[in-house]
Amino acid sequence: MSTVSADPPPDAGRRGGGGRGLFRNAAVTGAGTLASRLAGLVRDQVTAYCFGAGPAADAFFVAFRIPNLLRRLLAEGALTPAFVPVFTERLALGGKKAAGELFRSVFTLMALALSAVTALGIAFAPQIVSLIAPGFTRDPEQFALTVLLARILFPYILLITLTALAMGVLNSLGRFNIPALGPVLLNVCMILGAAALSPRLETPILGLALGALAGGAAQLALQLPGIVRAGVSLGFASPIKDPAAARILKLMAPAALGAAAYQISVFVNTQLASFLREGSVSWLYYADRLVQFPLGVFSIALATAALPAMSREAASGDREAFRAILRRSLSFQFFITFPAAAGLAVMAEPLVALLFQRGSFGPESTVMTAEALRAYALGLPFLSGASLAARAFYSFKDTGTPAKAAAASLAVGLALAIALLRPLGHVGLALASSLASAVNFVWLAILLRRKGDLDIRAFALDAAKSALLAAAMAAALWPLYGGGLFPEAPRAALVAAGLLAGPALYFLMARLARSEGFGPLGEAAGKIAEKFRRGAPGKSPQAGGGAEEQSGLAAAALSEREAAEPQRVRAADKQRERAAKEDHAPATAKESAEAREAENAEASPSPGQRAGTPSGAGVPEAGKGTPPDKAQ
């Protein structure tokens, strides 16, 4: 029987997975998230200018909350973690043709299922609105407007779920730039709908809803050509003929429950805050918005890039490379989020005052929001770590374990919220949320250690070093904010000083302390400096430097992959046999090898071109993993 290389397909190897490619992909995703957040800020400002805080705006926000809730539960919460590992396994074992068949089957399944959900949502919109906003039934005109907006916006869940599926395909193929730009289109379309379309309509708020619907369609339209360019054809296929589609549905159920746990926590905290003094709900909302900024730009971006990379190593059976990616990704996650949390805590009051203190938002609201922000900031590293740790389980198609951990942390969080509500008020609710995130992360980390996939001792040392450096940075910045060193300084100047001096001091200390988390940043800085020294920023270094030219995660993943190559091939054979049994695939290993060889022949240069080509231009021989630093 012929053996099949355990390496991923050529395109995945060039574009995606480990080493520097992982952090480059995270940087691309983070940049897209940053652009989306900035566009979202403009969208909120335009919406506030055009519609204020009146009944029409309330009707839109309630109506848009319905498909957004389904998006978090189905698209981001369930479909992505269930689909990406299975698709990556099919890609690694069968190539793009087999992976494309799976994509078309799941696309058809989701299109049919979400079309039915959309039709039911439109038909039962009055009942759904009554459940979400029962107070609106007292105003028949506002209730009717909310129902109309809900019916317009319900197809958004169909569009955004298919978009999430397409993004999962592109991410699995190592293409992150197009998915990163998708959310920007939504905000741009909503801005245009509010500013350009609304003035021309008899009911102006309909322009904002139509803009949101157009944004969902634009996001999907942006992804599909990228899939075709990546070598995966579009179309529809019967999901009944592909058992892997049923596997994805089974994996989605516990993932959706895990996502629902977070939504339940937000809902219950809002209900508890409603029993506190007036303004408590708003203080928690604004504080949470500020914490979500570094969470999306840094943490979720890295977790998004790590899922296909870890799934690829899990599919190939290379546990050593998987452990290297997980450990170093977690270390880098905490390396970034500890100083972010410290900065938010130290600069809380001037930051909140700069962004929100105007009009009805007075000094007292600034102080109260800042207190909640400090409590939320404590949980930022653990919330980020839990997101990445959950994806480590998703990589092995285990969506049940993260769901159980999320449910347990939900119970802990609710108990703490009730216990801390009376003595600490709204701050107690924020603190309970942070402590629940810590419980979630610690639980997942312990389970990963039991599986042998995480060296907790080494990771804990990395995290402790990052925490100490962040504390030193906070102590150095404290005189600017808590010590009253410059009491008359403008808020903008204080915030700018912290945003510039804080990271500079932290990274300098990390460099001197040789922090593990500094590796990817130092590697990127060294690469940029080398390009400028050569005077050719776009020129790639020549191949042949070997492992001594690599650093950080790239070197570790490469060396561990070479050391584990025999075990990796054997594990890949077992994975292939198991997948064939589960999917009832008729292809033999020999047929799979022939398909892979044919696909490689299309994407690879000739043997004469391989010799002496620049780094990344050639394709490695069968059985030799693509060195991460040679990826394009």
For residues 301-311, which side-chain donor-acceptor pairs fall under 3.5 Å, sequence neighbours excluded?
from, atom 1, to, atom 2, distance (Å)
Thr304, OG1, Ile300, O, 2.7
Ser311, OG, Leu307, O, 2.7

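- With contacts defined as side-chain heavy-atom distances shorter than 4.5 Å, the pair Leu112/Pro239 does not qualify.
- Phe236 contributes atom CZ, which lies 12.0 Å from atom CG of Leu109 (distance to the nearest 0.5 angstrom).
- A distance of 10.5 Å separates CD1 in Ile227 from CZ in Arg175, rounded to the nearest 0.5 Å.
- Using a 4.5 Å cut-off on side-chain heavy atoms (C-beta onward), Ser115 and Leu158 make contact.
- Partners of Phe382 under the ring pair (Phe, Tyr, Trp, His ring centres under 6.0 Å) rule, at least two apart in sequence or in another chain, do not exist in this structure.
- What you find for Ser172 and Thr88 is that their closest heavy atoms are OG-OG1, 3.5 Å.
- Taking a 6.0 Å sphere around CD1 of Ile240, one finds it holds 12 or fewer heavy atoms contributed by other residues, nucleotides or ligands.
- With hydrogens and angles ignored, the 3.5 Å screen pairs no side-chain donor or acceptor of Gln333 with any backbone N or O of Leu388.
- In this structure, Ser434 contributes its side chain and Gly379 its backbone to a donor-acceptor pair below 3.5 Å.
- The number of heavy atoms from other shown groups lying within 6.0 Å of NZ (Lys404) does not exceed 12.
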Run Leu165 and Val106 through side chain to side chain contact (heavy atoms under 4.5 Å, CB included) and show every step you take. CA-CA 8 Å; Leu165 180 65; Val106 177; 3.8 Å; yes
Run Gln219 and Leu159 through side chain to side chain contact (heavy atoms under 4.5 Å, CB included) and show every step you take. CA-CA 8 Å; Gln219 288 188 80; Leu159 297 169; over 6 Å; no
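- Counting only distance, with no hydrogens or angles, the side chain of Thr108 and the backbone of Ala237 share a donor-acceptor pair below 3.5 Å.
- Taking the charged nitrogens against the carboxylate oxygens, Arg312 and Glu89 have no contact shorter than 4.0 Å, which rules out a salt bridge.
- Across Gly207 and Leu201, no two heavy atoms sit closer than the pair N-CD1, 3.4 Å.
- Once rounded to the nearest 0.5 Å, the distance linking CG of Leu295 with CG of Leu383 reads 5.0 Å.
- A pairwise comparison of heavy atoms in Ile66 and Ile128 identifies CD1-CG2, 3.6 Å as the closest pair.
- Seen from the ring of Phe103, Lys96 does not count as a face-on cation partner, given the 6.0 Å and 45° thresholds.
- Proximity of a side-chain donor or acceptor of Arg200 to a complementary backbone N or O of Ala196 within less than 3.5 Å is detected.
- For the 3.5 Å distance criterion, the side chains of Asn440 and Ser437 fail to qualify, holding no donor opposite an acceptor.
- Two residues are said to be in side-chain contact when any heavy atoms from C-beta on lie closer than 4.5 Å; Val228 and Ser233 fail this criterion.
- Using the six-membered ring where Trp is involved, Phe441 and Phe334 have ring planes that are tilted, between 30° and 60° apart.
- Dense packing is recorded around CD of Gln127, with more than 12 heavy atoms of other residues, nucleotides or ligands lying under 6.0 Å away.
- Side-chain contact check for Leu249 versus Met110: some heavy-atom pair is nearer than 4.5 Å.
- Not a single donor-acceptor pair under 3.5 Å links the side chain of Gln142 to the backbone N or O of Phe136.
- Side chains of Val169 and Leu173 form a contact here, defined as non-hydrogen atoms less than 4.5 Å apart.
- Listed here is the closest heavy atom pair of Val46 and Ala194: CG1-CB, 4.0 Å.
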Steps toward side chain to side chain contact (heavy atoms under 4.5 Å, CB included) verdict (Ile157, Thr161): CA-CA 6 Å; Ile157 182 58; Thr161 301; 3.6 Å; yes
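- The CG atom of Leu416 sits 5.5 Å away from the CG atom of Leu435 when rounded to the nearest 0.5 Å.
- With hydrogens and angles ignored, the 3.5 Å screen pairs a side-chain donor or acceptor of Ser198 with a backbone N or O of Gly193.
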Would Val84 and Tyr394 count as a side chain to side chain contact (heavy atoms under 4.5 Å, CB included) here? Give the steps. CA-CA 9 Å; Val84 170; Tyr394 297 154; over 6 Å; no
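- Residues forming a side-chain contact (heavy atoms from CB on, under 4.5 Å) with Asn68 (at least two apart in sequence, or on another chain): Phe64, Arg71, Arg72, Tyr156.
- At distances below 3.5 Å, not a single donor-acceptor pair connects side-chain atoms of Arg43 with backbone N or O atoms of Leu186.
- Interatomic distance, Thr47 OG1 to Ile205 CD1, rounded to the nearest 0.5 Å: 7.5 Å.
- Here the side chains of Ser365 and Trp283 are in contact, with some heavy-atom distance below 4.5 Å.
- For the side-chain contact (heavy atoms from CB on, under 4.5 Å) test with Phe60, the passing option among Leu206, Leu145, Thr146, Leu153 is Leu153; the others fail.
- Smallest separation of non-hydrogen atoms from Pro179 and Asn171: CG-OD1, 3.6 Å.
- Using a 4.5 Å cut-off on side-chain heavy atoms (C-beta onward), Tyr376 and Leu431 make no contact.
- Looking at every heavy atom in both residues, Ala392 comes nearest to Phe322 through O-CZ, 3.7 Å.
- To the nearest 0.5 Å, atom CG of residue Leu373 and atom CG of residue Leu284 are 11.0 Å apart.
- Put simply, the side chain of Leu326 reaches to within 4.5 Å of the side chain of Leu448, judged on heavy atoms.
- Side-chain N or O atoms of Arg391 include one that pairs as donor or acceptor with a backbone N or O of Ser387 at under 3.5 Å.
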